[in-house]
Amino acid sequence: MVDLYARDAAALSCMSHLRFFPQAVTGGQGCWLTSDDGRELLDFSGSWGAVGLGHAHPAIREAVTRALTSQAGASLLSSATEPAVELAEQLLSLVPERAGGRVWLGHSGSDANETVARAVLAATGRSRIIAFEGGYHGGTTGSVAVSGHPVQDAVARLPGLSLIPFPNPFRDGGPEAAAERSLGRLRALLDGEIPASDVAAMFIEPIQSDGGMLVAPDGFFAEVQTLCRQHGILLVCDEVKVGLGRTGLLHCFQHLDIEPDIVVFGKALGGGLPISAAVGPEAVMNHASAFSFQTLHGNPVCASAALAVLDTIEREGLTENAADVGTHLASGLKRLARQHPWIGEVRGKGLALGAELTKGDDMAPASLETALTVYRAHQLGLVLYYVGVDSNVLEFTPPLTLTRSEADRGLSILDQALSDVARGVIGADDITGFEGW
Ligand SMILES: *Cc1c(COP(=O)(O)O)cnc(C)c1O
């Protein structure tokens, strides 16, 4: 019998694969996935943060069943529907006043960021956008256009895109030096390198997740906001991975002392179904009719799932749980860092955590060891992937329902995986074909 992973390889395009180990799953509950070989895998990725409520949450199942029991069509393009309207009204009530104009609904973080990029350029008549090196805003042509992640370097950026470094205190000599390096670049740009009055927007990730789960120093984004406001530049906050409770506050930007003009939601918003949202001022997010749409955008089934997600985060206190269990997980990771010299830094907030693996006195990225660690962890029953422009940061974005004892279970598997890799239990030859990114 050919196993599920082999059938996948024979039938599905590798263009959408980002594989770290031969994972094949047939089901899941809560923070656990069922592997096709019958094993239960503890999921520390939550499908890259998209599974905020855990797998198979009854609230999602009920919402979807209700929406499909009497189905109000499959599209909001040519008809108002209750779930889309209700979702938009709720999102408007959750964002800062300055972002409180209109809600655009899409399928993914990618299409939402693409639409925001298109709308800010069209609505302001300005031609330029600023974003961060290492930033990831999506995989469609228009969202890659405003991203700075090196994995996408083969795809064209917006001609008017300027990238500045994201502050990295671990690598740039501490928080002050790191912030000054980035702010210096931003000031130089706005002070004459580019015409500041041509800049429509600046795209930020409040924690740069795919770039390495980087947390900017305190006060950094407040200064970015000041500079943006001085030049009439809209601040677009991409909350797609780290928003909706994950960092211990509903919005990650609430940690940063800023009020973005436009807020983008995705991933966990749908509880496993595809839906995204961009919320911003009427002048931008109500730019023109029929300006950016796809047929199933904001469809009643996905919008109903999103409503259930927002309700469940609130009702089950998942934001508070993310803060509590996140603190517990982070301290466990710091304990591992004292036993495993490869762990150079543990960082993040709530249940958006990263562990950067380095080696040698010069802290060189331990990219191979990172790839071996996630591979070994999967063999031992733990699912986690890695991020970072040097592919050396273990990423922890489990469901927000994670318990302390599940966190401990994952920590002990990771402990074992790191020890096994150090002892040479697996090596580079074992992970051929699992290059990740
Ligand atoms: C994943 C991600 C996106 C893109 O979301 P998709 O659902 O993959 O389209 C955009 N921004 C950030 C910060 C992300 O992590």
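Only a predicted model underlies this, so the values are computations on that prediction, with no experimental measurement involved. Order of listing sets the numbers, starting from 1, for every ligand and every atom in it. Below, all heavy atoms of this structure are taken into account, side chains as well, without hydrogens, waters or symmetry copies.
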Presence of salt bridge, [Y] and [X], under 4.0 angstrom:
X: Glu180; Y: Arg187; value: yes
X: Arg7; Y: Asp36; value: no
X: Glu282; Y: Arg102; value: yes

Per-atom contacts of ligand 1 with [X], taking only distances under 4.0 Å to non-hydrogen atoms:
X: Gly138; answer: 4 (C), 10 (C)
X: Lys241; answer: 15 (O)
X: Asn113; answer: 10 (C), 11 (N)
X: Ser108; answer: 7 (O), 9 (O)

Considering heavy atoms of the protein only, find what lies nearest to [atom] and give residue, atom and distance to 0.1 Å.
atom: atom 9 (O) of ligand 1; answer: Ser110 OG, 2.5 Å
atom: atom 12 (C) of ligand 1; answer: Tyr136 O, 3.3 Å
atom: atom 7 (O) of ligand 1; answer: Gly109 N, 3.4 Å

Exercise. Is the number of heavy atoms from other residues, nucleotides or ligands within 6.0 Å of CD (Gln230) greater than 12?
Worked result: yes
Problem set entry | Backbone or side-chain N or O of Asp238 under 3.5 Å from ligand 1 N or O | yes
For this session: Consider every N or O of Lys267 and every N or O of ligand 1, then say whether any pair is closer than 3.5 Å.
Result: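 Yes: some nitrogen or oxygen of Lys267 is under 3.5 Å from one in ligand 1.
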Problem set entry | Option among Pro399, Cys252, Pro398 that satisfies the side chain to side chain contact (heavy atoms under 4.5 Å, CB included) test with Arg246 |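 Only one of Pro399, Cys252, Pro398 forms a side chain to side chain contact (heavy atoms under 4.5 Å, CB included) with Arg246, namely Pro398.
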Exercise. Mind checking whether Trp437 and His149 have parallel, tilted or perpendicular rings, split at 30° and 60°?
Worked result: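 Parallel, since the angle between the ring planes stays under 30°.
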Exercise. Do you see a donor-acceptor pair shorter than 3.5 Å between the side chains of Gln29 and His57?
Worked result: no
Problem set entry | Exercise: do Ser292 and Thr115 side chains pair donor with acceptor under 3.5 Å |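 A pair is found: one side chain offers a donor N or O, the other an acceptor, under 3.5 Å apart.
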Exercise. Is ligand 1 under 4.0 Å from a heavy atom in the side chain of Glu205, in the backbone, in both, or in neither?
Worked result: side chain
Exercise. If you measure from each heavy atom of Gly139 to ligand 1, is any distance below 4.0 Å?
Worked result: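 It does not, in that no heavy atom of Gly139 comes within the 4.0 Å cut-off of ligand 1.
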